[in-house]
*Asks:* 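To start, I am sharing the structure in question, which I have written as structure tokens.
Lettering follows sequence order; numbering is per chain, from 1.
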2 protein chains.
Amino acid sequence: MPRPAKHHPERGDARTRLLNAARDVVRAKGFAATSVDDLCKAAGVTKGAFFHHFETKEALGVAAAAYWAETTSAFFANAPYHRLDDPLDRLFGYVEFRKAIIDGDPAEFTCLVGTMTQEVYGSHPAIRDACAASIFGHAATLEPDIAAAMAARGIEADWTPASLARHTQAVLQGAFILAKATGGREDALDSVDHLKRYLTLLFSQPRSKGNPHDGR
Amino acid sequence: MPRPAKHHPERGDARTRLLNAARDVVRAKGFAATSVDDLCKAAGVTKGAFFHHFETKEALGVAAAAYWAETTSAFFANAPYHRLDDPLDRLFGYVEFRKAIIDGDPAEFTCLVGTMTQEVYGSHPAIRDACAASIFGHAATLEPDIAAAMAARGIEADWTPASLARHTQAVLQGAFILAKATGGREDALDSVDHLKRYLTLLFSQPRSKGNPHDGR
DNA sequence: ACAAGCATACCAACCGTTCGGTATGTTTCA
DNA sequence: TGAAACATACCGAACGGTTGGTATGCTTGT
């Protein structure tokens with residue numbers, strides 16, 4: 001019997017491979033349209049391995065959302081814009097960074113948890129909650145810089161750092177939908193540019209001294 | 001045999017009933033997770049009727065997107081904000097109208113074609129194209145008012161009416177995702193408020209005379 | 001030796017789709 | 001006028017393939 005590759009640990013165990021497969025396949029086909037067999041094939045494992053690590057398909061969805069939260073938060077935490085001194089510079093650095101990673105196929109740059117939320121919010125509350133935790137957890141990482149930028153510029157607003165942080169995520173999620181609809185990235189990038197313009201206007205409002213952060 | 005209602009067009013024919021059912025069920029469960037049986041049950045018809053009117057499930061998806069485009073464009077065309085004189089007032093009236101119809105369950109106020117786009121953009125190009133036509137067709141209806149408002153206020157911008165119109169749709173689509181994630185409407189409404197604030201800032205920019213359109 | 005990690009084989013339910021059939025118009029033409 | 005010929009709308013049982021899930025056994029590292 002040509003039992004091929006035994007247990008070689010070539011880049012990750014079965015669980016991690018399944019999680020990576022879920023990230024890729026679900027972004028391309030959606031959660032419901034992705035079968036367990038699809039995932040096993042993509043991960044190069046069998047169904048036995050799948051149900052050894054995950055009780056149900058829904059449980060994999062939850063785990064995939066959590067895995068997404070972990071990996072993306074590490075990814076953003078290491079991004080270079082954090083080294084900027086001014087909080088507002090860091091905020092614009094974040095948006096610019098988000099623009100920069102809109103590249104390639106939509107399946108490569110769109111958001112797993114945003115996609116899953118929209119699909120399963122009614123049928124799989126456990127997955128929805130895991131996705132919500134990822135989205136709002138990520139948004140929350142922007143709040144300190146927004147709050148600091150407001151304080152530094154003496155901005156009194158009728159909006160909160162939290163609401164602006166969440167708005168940035170709304171724009172990004174919406175931009176992804178536009179990209180999926182057209183197959184291109186232009187409309188998505190344009191929309192993020194509008195977000196940049198909004199931030200520029202917001203933070204040069206009250207009794208502005210100079211004209212920070214316009215253009216590139 | 002209690003064969004009930006014969007061929008009377010009482011309350012719509014089977015095709016329309018299926019289209020309405022698709023609008024409701026797909027928004028609640030997603031396209032892939034909605035079975036043909038689900039749709040038939042919701043519409044009160046049999047599978048025979050389904051496949052008499054639609055060649056495949058995908059064909060129903062395309063028809064549902066077209067039906068959505070028709071019904072929503074009629075819905076917006078009849079909205080009261082069109083009676084306002086100033087183009088910018090009409091633009092704000094549109095946004096306020098969008099806010100007003102964010103009510104009830106997410107399955108009732110979210111966008112069918114946005115949901116379907118995200119789910120099937122890779123697997124069902126025909127549905128994706130129909131959805132894209134609906135989204136961008138709707139966005140295009142905003143362009144004349146935006147262009148007129150820019151002209152009336154002498155605004156020279158590095159953005160186009162088309163890109164701003166599409167940005168409004170991105171914000172709305174993103175707001176729907178936030179609503180689905182939380183189960184509530186607050187974050188969605190907040191995000192649309194940020195959009196309102198953006199428009200206010202944009203149109204009071206160049207050499208502003210008064211301070212039109214701030215707050216309520 | 002033994003449990004964790006994984007593979008093979010299998011199942012019942014469900015999926016989209018097909019198809020033979022009925023009931024009710026609508027058109028054609030003598 | 002009227003009846004044959006055809007078209008449209010709908011029904012519902014059945015089919016083959018796929019689905020998520022299970023039962024069980026082999027293979028490793030410790």
*Asks:* Rounding to 10°, can you tell me the angle the first-five-pair axis of the helix from C:dA1-D:dT30 to C:dA30-D:dT1 makes with its last-five-pair axis?
*Replies:*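 So the angle between the two local helix axes works out to 10°.
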
*Asks:* Who pairs with A:Arg98 by side-chain contact (heavy atoms from CB on, under 4.5 Å), at least two apart in sequence or on another chain?
*Replies:*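 With neighbours one apart ignored, the set is A:Phe76, A:Tyr94, A:Ile101, A:His138, A:Gln169, A:Leu172, A:Phe176.
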
*Asks:* With the threshold set at 4.0 Å, does a side-chain nitrogen-carboxylate oxygen contact exist between B:Asp190 and A:Arg166?
*Replies:*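 Looking at B:Asp190 and A:Arg166, the cut-off is not met.
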
*Asks:* Kindly say whether A:Ala188 contributes a backbone atom to a donor-acceptor pair with the side chain of A:Ser191 at under 3.5 angstrom?
*Replies:*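 Judged by distance alone, no pair lies under 3.5 Å.
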
*Asks:* I need the CZ-P distance between B:Phe54 and C:dT18, as an integer number of Å.
*Replies:*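 Between P of C:dT18 and CZ of B:Phe54: 15 Å.
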
*Asks:* Expressed as a whole number of angstroms, how long is the span from B:Arg15:CZ to D:dC11:P?
*Replies:*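 Atom CZ in B:Arg15 sits about 16 Å away from atom P in D:dC11.
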
*Asks:* Tell me if a side-chain donor or acceptor on B:Glu119 pairs with a main-chain N or O of B:Ala32 at a distance below 3.5 Å.
*Replies:*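 It does hold such a pair.
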
*Asks:* Below 3.5 Å, can you tabulate the donor-acceptor pairs from side chains in residues 124-136 of chain A to any protein atom, sequence neighbours excluded?
*Replies:*
| unit_1 | atom_1 | unit_2 | atom_2 | d |
| --- | --- | --- | --- | --- |
| A:His124 | ND1 | A:Glu58 | OE2 | 3.0 |
| A:Arg128 | NE | A:Tyr121 | O | 3.0 |

*Asks:* What do the steps show when you test B:Arg17 against B:Asn20 for side chain to side chain donor-acceptor pair (under 3.5 Å), and what is the final call?
*Replies:* CA-CA 5 Å; B:Arg17 306 244 301 278; B:Asn20 285 327; over 6 Å; no

*Asks:* Scan residues 23-40 of chain B against DNA chain C and write down, sorted by residue number, each residue with any heavy atom closer than 4.0 Å; if none is found, say none.
*Replies:*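 Within this stretch, B:Thr34, B:Ser35, B:Val36 sit under 4.0 Å of the strand.
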
*Asks:* Quick one, which residues of residues 45-53 of chain B touch DNA chain C with a heavy atom under 4.0 Å?
*Replies:*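 Output list: B:Lys47, B:Phe51.
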
*Asks:* Should the pair B:Glu96-B:Lys196 be classified as a salt bridge under the 4.0 Å nitrogen-to-oxygen rule?
*Replies:*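 Salt bridge flag = yes for B:Lys196 with B:Glu96.
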
*Asks:* Once ring-ring contact (aromatic ring centres under 6.0 Å, His included) is applied, what residue pairs with a partner in residues 52-72 of chain A remain, sequence neighbours excluded?
*Replies:*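 As it turns out, the ring-ring contact (aromatic ring centres under 6.0 Å, His included) pairs with a partner in residues 52-72 of chain A, which skip direct neighbours, are A:Phe50-A:Phe54.
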
*Asks:* C:dA7 C1' sits how many Å from A:Asp13 CG, rounded?
*Replies:*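 Rounded to whole Å, this separation is 16 Å.
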
*Asks:* Aromatic rings B:Tyr198 and A:His194: how do their planes relate, parallel, tilted or perpendicular, breaks at 30° and 60°?
*Replies:*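 Taking A:His194 first and then B:Tyr198, their aromatic rings stand perpendicular (interplane angle over 60°).
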
*Asks:* For the side chain to side chain donor-acceptor pair (under 3.5 Å) test, which of B:Lys180, B:Gln173, B:Arg27 pairs with B:Thr115?
*Replies:*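 For B:Thr115, the side chain to side chain donor-acceptor pair (under 3.5 Å) check succeeds only for B:Lys180.
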
